[in-house]
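Notes follow once the structure below has been shown.
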Amino acid sequence: MQTYKRKRLEIVVEKRRAPAVLDLLDREPGITGWTMLPCIGGRGHTGTRLPEGATDALDTVLILVVTSEEVAHRTMAAVLELLEEFVGVVLMGEVEVARPAHF
Amino acid sequence: MQTYKRKRLEIVVEKRRAPAVLDLLDREPGITGWTMLPCIGGRGHTGTRLPEGATDALDTVLILVVTSEEVAHRTMAAVLELLEEFVGVVLMGEVEVARPAHF
Amino acid sequence: MQTYKRKRLEIVVEKRRAPAVLDLLDREPGITGWTMLPCIGGRGHTGTRLPEGATDALDTVLILVVTSEEVAHRTMAAVLELLEEFVGVVLMGEVEVARPAHF
Amino acid sequence: MDAALANLLSPPVLCFLLGLLAGIVRSDLEIPEAVARSLALYLIFSIGFKGGVELAANGDLRPLLAPLLVAAGLSLLLPLPAFGLLRLLTRVSRVDAGAIAAHYGSVSIVTYVAATSFLQSRGIRFEGFLAAVVAVMETPAILTGLLLARAGETTGLDARRRRELVHEILANGSVVLLLGSFTIGILTGAEGMRRLEPVVASGFQGVLCFFLLDMGLLVARRFAGFATMGAGLLLFGLLMPLLGASVGLAAGRLLGLSVGGTALFATLAASASYIAVPAAMRLALPRANPSLSLSLALGITFPFNLVVGIPLYVAAAGRLVG
Amino acid sequence: MDAALANLLSPPVLCFLLGLLAGIVRSDLEIPEAVARSLALYLIFSIGFKGGVELAANGDLRPLLAPLLVAAGLSLLLPLPAFGLLRLLTRVSRVDAGAIAAHYGSVSIVTYVAATSFLQSRGIRFEGFLAAVVAVMETPAILTGLLLARAGETTGLDARRRRELVHEILANGSVVLLLGSFTIGILTGAEGMRRLEPVVASGFQGVLCFFLLDMGLLVARRFAGFATMGAGLLLFGLLMPLLGASVGLAAGRLLGLSVGGTALFATLAASASYIAVPAAMRLALPRANPSLSLSLALGITFPFNLVVGIPLYVAAAGRLVG
Amino acid sequence: MDAALANLLSPPVLCFLLGLLAGIVRSDLEIPEAVARSLALYLIFSIGFKGGVELAANGDLRPLLAPLLVAAGLSLLLPLPAFGLLRLLTRVSRVDAGAIAAHYGSVSIVTYVAATSFLQSRGIRFEGFLAAVVAVMETPAILTGLLLARAGETTGLDARRRRELVHEILANGSVVLLLGSFTIGILTGAEGMRRLEPVVASGFQGVLCFFLLDMGLLVARRFAGFATMGAGLLLFGLLMPLLGASVGLAAGRLLGLSVGGTALFATLAASASYIAVPAAMRLALPRANPSLSLSLALGITFPFNLVVGIPLYVAAAGRLVG
Ligand SMILES: Nc1ncnc2c1ncn2[C@@H]1O[C@H](COP(=O)(O)O)[C@@H](O)[C@H]1O
Ligand SMILES: Nc1ncnc2c1ncn2[C@@H]1O[C@H](COP(=O)(O)O)[C@@H](O)[C@H]1O
Ligand SMILES: Nc1ncnc2c1ncn2[C@@H]1O[C@H](COP(=O)(O)O)[C@@H](O)[C@H]1O
Ligand code: NA
Ligand code: NA
Ligand code: NA
């Protein structure tokens, strides 16, 4: 099966910052889509987070974006700037897709 | 630690189509397993999906499959054919495993 | 955007074994963080798991760890040893990050 | 007027408005999905069960037949004027028009539930078999919507897809639960009610309030999409319930239903599905844009019926039948 | 006969059958996991609390001791005939046989709950301390099952694993909740009941109905696995509850329990765990196939007990004791 | 003493202790997050609604003004001594001290709910408008905490962040729900209560029990963090509620509140937020360590207030006012 190379961004942010990140993605014309997954815990520089019955203040999500190399680099920089001092990580990996026009 | 190369497929589909995809995976003898994760939103050619209290009609899931290169290509083609006009994306990436017989 | 190479580990284990795995990660000084995601099903050598209303005994989670190549190899071996005869898979992939000190 | 105000100031409608307000100011108030969906199942179970118990008390199943047939007919036929109106007022594609038409031929269970709650608070009785009428109206519209959307296409659905679709229509979760609880109500009657009363009857208003709070949040989220939708679509979302209600009122009168029953028939015809039909549409018309029909059914028609429509239809039924 | 029909036509059993039917026709009806698990916690809390309150009313804790000891003994010993039957009737591995035997030595809380609901609807009283009996029967079977599965192995569990397992057995969530709510019932007595009555008592039947609806859906999903399981296993799933019930009836009679108490003892012995034991088995016997034991306990023994077994055991207890 | 024992042996507190115990022995008992959060929403809605209904019964809104102003003032000012104490007793950073101070200026709704439940069980009445007092105390402390944390920094928040923060404070989910349900209570009054009574009133104690069970589990999980926290912080978690309560008692007395009202005022001042403030702090002070403040508010101050504080404050209010 013929495939085409794309970049795969993974962004872990607090659920309450996700709308700001999604807004940013929606404003970047090179991005055709994203997928958001829930997290049930994490550890980083701001300590350990485990599910809390009482508050969702510490919940995080993982946002997955597949896009071209150029857009991926631009987006990575933009997201990191947006996050600023906020919690979060941005990862970039390789991925192959079969329908190049879709991404 | 010695590792072996495999392919890592990610399939995002509507929850209601997932059983059809899993059936397909279960019928392919080269595939030894899969993992399914819930999504809490997404955007693509069919618009934006966010969690709905009222209906689960728009819910999506992410299915992860680790398998050999050959089987991965075959499966990618088969899943895309199954999805046809339905919503969904299929991604293929590289991954290393330690227990080659397991995948 | 300048990026740095890291390894990306994915560990799928039963939810009840996750604390043991997280303990292991927390004791490895080279690891600065992890992210845990819920799974809603899976298939492997111990059969098919789908969500059960009655018991969470079969629930699994996916733990994501980004770290250096050396630590990743060490951790992969340690996790596989911990899992022993227990259910689970460990995958290693490539990833690029922008803030090298963070991982 | 008085009834309209009473409706507006009832706890369920106020909870809906609170949710709407919270959504509009983008509060982080959020009812977890798993719980909201369970509350919907509870509401469906309750109205089915109570309808069955009520029917068992009367003992006579004969008067059921005509209303059920008329209801199925309404569900099959209402997509036609809906489709016509959409082609007239808007520029949505044929596929989207078919999908939207299917939503409006079908019914909104929560709107029905809110209407029964309004009737109860006013002391107006209605026929127990109406729970079965709801179930019967849920899915026929899917067929018509599909035919409208696909008309002109040379290739229909292939055999497997057709089988899947029929299955989806018959085995739809809310239909199964509604008919099932209705049957359980008939089978267990007063004794069953004695056992379940604290849950299905006493708890009903409170659960409805929480559920409508969540509906308000969801409806507010839909508002964002209105900007890109065009005035024609918004107009459709207000005209279609009035058209449906008129047909429903006429049908209720012809069937000789009580005031309450006629008002509920009108409410059903006026309402648009956002549980059963969206699910079926993902299978029947995967290329239809689901946000479009949900924004209309959930964002416009649902609040319109809840706040303005229900007291209006009850008043009209009172004039026509009472 | 009459009792069997009354059981079949009770709301809880009908809800179970509705879920079963929905599952068989592969309806998309689905109770969110988070809610289903919470309903199970509610049921456990309620029976524990009510048992404790009942015991506090009688005041006398002495009659507790013998039943608790016998119950623990039953849980420890029942895996032995279960294991024997499995080796006789089926070809499952030693590890799987041990795991399955552990499930059958332990108990199903939901089956117990359904039995108390059946007794209540027939006006048959039972001893309050039985809630503690349930707790005591949950985990000893795990030890026996483990020993059976590992017999013949030269290496046992290492020290850490053994510690983990003992912890799992003692700190198992349902055991802790059941004993805890039982204790809270004893400590707060009638005054506690006055405060919690609307939730733990009035709501009980309704919650049980919803929970059994979900159980029906889960059981139907298990049916798919039967094709590959072989007739011997299915037979075991029907024989073992009858054997367990006989032992339980005898034990109840020996202990001098009431008709209701004896019937519940039989039900407990006849039932198989699908909450506490599966969890412990993942730790004790990770290589055992969890689908196998769940398919048996959930797919065969649970529906058999719910629909046929409970009225049977109650009738037998009536003859034996009444 | 008697009251303290009665509190300790009440179902809600025993459920909390059960959860605590289960958490300490690391049981796998777990209430799904989605359900726990929904129970919290239920509790918030119930106290708001009941407060509103109560106020509507008295008809007079005037006595509301002074308590609301004083409450807002307390929330604004209490972070000052909290910050001072923290700098004195501990070595946490300025940012963390500001964040923690904000939590303690604000209030814990669940502590308030537990206090009303305690008052009810003792037959002590309190003013209905206190539900509004809770809402008013939730967020002002955030401002003070933020100013304290940022004092000395040359650059404040930029305009966008400031807008976001004001929004977070005003549109915070629990504030909106509390004020909203309070308003619905006022608008629908006795008639609304008649409809919602089975859910918001009868069910209250039972839901509180389940919620506190989960709180116990969460609190136990926090204990693990204590090892690294230092004695100064733990001391702060015990001293600050006493200081807050004293101020609250004085305020209640000055405002001429009833014994119950004064005790609730004290409880509010003594309690620390773990719903509204943590959410706002993620935006206002993202670099603050959220585990630190949650461990204090949830792990020390909450159990202290629940088990020891509430009966103490009620007794003190009785002396001061009664
Ligand atoms: N090395 C890592 N590997 C995987 N996930 C991480 C890592 N570091 C941080 N995270 C995730 O990012 C979240 C925020 O990290 P931080 O901003 O460092 O507190 C954490 O809660 C984790 O979910
Ligand atoms: N470029 C993308 N990156 C990540 N996820 C995507 C992308 N495009 C689509 N998706 C996911 O696939 C789902 C279906 O996409 P579509 O069929 O294009 O509507 C979306 O809801 C997303 O969850
Ligand atoms: N080939 C695979 N690809 C993706 N996930 C897998 C694969 N094999 C196993 N898994 C996951 O790992 C879990 C345990 O696998 P196992 O230990 O083989 O039963 C399964 O339930 C799956 O979630
Ligand atoms: Na309609
Ligand atoms: Na048993
Ligand atoms: Na305070």
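By convention in this document, chain letters (A, B, ...) are assigned in the order of the sequence lines, proteins followed by strands, and residues within each chain are numbered from 1. If you're wondering where the values come from, they're calculated on a predicted model, not measured in any experiment. Heavy atoms only: backbone and side chains are in, while hydrogens, waters and symmetry mates are out.
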Considering only heavy atoms, which portion of E/Y42 lies under 4.5 Å from any heavy atom of chain F: side chain, backbone, both, or neither?
both

Verify side-chain contact (heavy atoms from CB on, under 4.5 Å) between E/V199 and F/F204, making sure each step is shown before the conclusion.
CA-CA 8 Å; E/V199 168; F/F204 194 71; over 6 Å; no

Taking all non-hydrogen atoms of both residues, which atom of E/L196 and which atom of F/C209 are closest, and how far apart?
CD2-SG, 3.6 Å

Heavy-atom side-chain proximity of F/F210 to E/S38 below 4.5 angstrom:
no

By a 4.5 Å heavy-atom criterion (distance strictly below it), what part of E/S202 contacts chain F: side chain, backbone, both, or neither?
neither

Whatever's closer than 4.5 Å to a heavy atom in chain E on F/S117 counts as both

Please answer whether the main-chain N or O of E/N172 pairs with a side-chain N or O of F/D28 as donor and acceptor at a distance below 3.5 Å.
no

Sort E/E168 into side chain, backbone, both or neither according to what part of it lies under 4.5 angstrom from a heavy atom of chain F.
side chain

Closest non-hydrogen atoms of E/V176 and F/S27, given as atom of the first, atom of the second and distance, are CG2-OG, 4.0 Å

To the nearest 0.5 Å, how far apart are CG in E/L179 and CG in F/L21?
10.5 Å

Interchain contact, F/Q120 with chain E, by part (heavy-atom threshold 4.5 Å)
neither

Sort F/P198 into side chain, backbone, both or neither according to what part of it lies under 4.5 angstrom from a heavy atom of chain E.
neither

Could you give the distance from CD (F/E30) to CZ (E/R37), rounded to the nearest 0.5 Å?
8.0 Å

Consider only side-chain N and O atoms of E/R195 and F/S10, and report whether a donor and an acceptor are under 3.5 Å apart.
no

Could you walk me through whether F/L14 and E/L187 satisfy the side-chain contact (heavy atoms from CB on, under 4.5 Å) test, starting with their C-alpha distance in whole Å, then the side-chain angles of each, then the deciding distance to 0.1 Å, before giving a yes or no?
CA-CA 9 Å; F/L14 287 173; E/L187 289 176; 4.1 Å; yes

Between F/I31 and E/L41 the two heavy atoms that sit nearest each other are CG1-CD1, 3.9 Å

Do E/I184 and F/L18 have side chains that approach each other closer than 4.5 Å (heavy atoms only, starting at C-beta)?
yes

Closest approach of F/V35 to E/A34 (non-hydrogen atoms, all atoms of both residues):
CG2-O, 3.7 Å

Side chain, backbone, both or neither: which part of F/L213 has an atom under 4.5 Å from a heavy atom of chain E?
side chain

